[in-house]
Amino acid sequence: MKLSVIGTGYVGLTTGVCFSEIGHTVICVDNDKTKIALLKKNKVPIYEPGLEEILRKNVKNKRLSFSTNIKEAVKKSDVIFISVGTPPREDGSADLSYIENVASEIAKNMDGYKLIVDKSTVPVETGEKVELTIKRNLKKNIPSDVASNPEFLREGSAVYDTFNPDRVVIGVSSKKAEDILREIYKPLKTKILVTDIKSAEIIKHASNSFLATKISFINAVANICERCGADVEKVAEGMGLDKRIGSAFLNAGIGFGGFCFPKDLEAFLWISEKLGYQFDLLKNVREINEYQKHIFIKKIEDALWIIKGKTIGILGLAFKPNTDDMRFAPSIDIIKTLQKEGARIKAFDPKATEKAKEVLKNVVYCKNPYEVAKDADCLAILTEWDEIKSIDLKKIKKLLKHPIIIDGRNIFEPKEVEKLGFIYKGIGR
Ligand code: UGA
């Protein structure tokens, strides 16, 4: 099929590239000229394992191209996916102006039937607004359909997730739209759930909010474990063995970050309130998440007593491993608070250093964990990268001023680290 994907962020770019890999002809469109110029040179502007290889392959076989020209892309495509940003506004609601812009551009340039599919994460009832925008901006009476097709890929494993989704959700209001979307996803041989548009929109917000709730729940349990001497890792294992609960997303730590969970939680709260329902549970989820960062800093204070003048070595800056994304990373608040208290910060991240430099100033960025450890008063682990999990602890101990590790991701076994002579504090154990 001939497809366009408007917006080349994590979701749009991965979707476009993967659609071309499963046989469709795809134009990825963005109004950011620098980004498109880079993509035209076969360079991926983000760190996402495996993406660049598939991109190169499909550009070569002419199934994938990049453009800043939305007009041309609309004319050349049967189906147009909207995958632009929906950033948070001050009040927590999603800024939908990019969606509106793209929808009106599509309408103005339509020359025949088009299926317009929203892939961006949006509050319920956005589909209706997109339909209205299209009708308003159409030059003549051309038929079209609007559909919702939320995306569930995770950063860091975006390519794998796109080819191996647990489910594909399509929210439609016509059989024609359903058939087209089924055809697009056919090569994936996956479970397709067909719903109305509003339900599909809610599935996305509810899924992200539920996963965030799971994380905050285990973090709350971690705090109880810590107070009574239980081990949250064991508790999570025991809970997760129950199939109804499942073991995923039960890792206690410094809380969730990234551009999805914090933003989508706020947006879901906002739309719930707008619809007249107080979704207070989600407020608690947010509070627990904030508290985790506070607890982590408290652990560093307890270990070092006075923060002022101390050197704190940070291992991991990205909001999770296998990504260079720093948006809403817990590391930002944690490092800024420690700096405010007068700490000197040295840090290492395998991929996120360049992006971290844009948001975290006065940090000594190091090339490896050992450079960070040298003469630091303690080590604080913020992201569970493999490169960090596999550090040589004996070497680290020799380099540190004091053998203290505060582990915000529970990557080590406390007893083993303590055996090596470290003072070690994890989360909830
Ligand atoms: C999340 C969802 O998992 C995807 O399904 C969704 O498509 C995406 O948001 C989105 O809406 O675009 P992502 O933000 O890439 O994906 O990352 P996750 O792997 O979900 O992790 C989010 C945060 O939760 C990270 O900071 C991670 O460290 C934290 N986390 C995750 C925990 O603290 N504990 C866990 O057990 C799991």
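Every number for a ligand or one of its atoms is a count from 1 in the order of the listing.
Aromatic ring centroids of Phe268 and Phe279 lie under 6.0 Å apart. In this structure, the ring of Phe19 has its center less than 6.0 angstrom from the ring center of Tyr185.
Proximity of Leu250 to ligand 1, defined as any heavy-atom pair under 4.0 Å, is confined to the backbone N, CA, C and O atoms. Of the heavy atoms in Asp264, only side-chain atoms (C-beta onward) come closer than 4.0 Å to ligand 1. Proximity of Tyr10 to ligand 1, defined as any heavy-atom pair under 4.0 Å, is not found for any part of the residue. Contacts between Lys204 and ligand 1 below 4.0 angstrom, taking non-hydrogen atoms only, involve the side chain exclusively.
Protein heavy atom in closest approach to atom 31 (C) of ligand 1: Ile215 CD1, 3.5 Å. In terms of protein heavy atoms, atom 5 (O) of ligand 1 is closest to Phe152 O, 2.7 Å. Remark: minimum distance from atom 14 (O) of ligand 1 to any protein heavy atom is reached at Phe319 CE1, 3.6 Å. Scanning the protein for heavy atoms near atom 3 (O) of ligand 1, the closest one is Arg154 CG, 3.4 Å. Remark: minimum distance from atom 28 (O) of ligand 1 to any protein heavy atom is reached at Arg409 NH1, 3.1 Å. The nearest heavy-atom contact from the protein to atom 24 (O) of ligand 1 is Phe256 CB, 3.2 Å. Nearest to atom 12 (O) of ligand 1 among the protein's heavy atoms is Cys260 SG, 2.8 Å. At the top of the distance list for atom 18 (P) of ligand 1, counting protein heavy atoms only, stands Lys320 NZ, 3.6 Å.
Between Arg56 and Glu52 there is a salt bridge, since at least one side-chain N of the basic residue sits less than 4.0 Å from a carboxylate O of the acidic one.
For Thr353 and Asp349, the side-chain atoms include no donor-acceptor pair closer than 3.5 Å. A donor atom on one side chain and an acceptor atom on the other are not found under 3.5 Å apart for Asn322 and Glu155. Side chains of Ser148 and Asp118: a donor-acceptor N/O pair is absent below 3.5 angstrom, by distance only. Between the side chains of Asp91 and Ser93, at least one donor N or O lies within less than 3.5 Å of an accepting N or O.
No more than 12 heavy atoms of other residues, nucleotides or ligands shown are found within 6.0 angstrom of NZ on Lys374. In this structure, Tyr98 places its OH atom where only 12 or fewer heavy-atom neighbours from other residues, nucleotides or ligands lie under 6.0 Å away.
The shortest separation from a heavy atom of Gly257 to ligand 1 is under 4.0 Å, placing the residue in contact.
Counting the atoms of ligand 1 from 1 in the order shown, those under 4.0 Å from a heavy atom of Asn208 are 2 (C), 6 (C), 9 (O), 10 (C), 11 (O).
Ring-plane geometry between Phe261 and Phe256 is classed as perpendicular, the angle between the planes exceeding 60 degrees on a 0 to 90 degree scale with a lower cut at 30.
For ligand 1, the polar-atom distance check finds an N/O of Leu153 within less than 3.5 Å of one of the ligand's N/O atoms.
For atom 15 (O) of ligand 1, the choice among Glu155, Gln292, Glu151 with the nearest heavy atom turns out to be Glu155.
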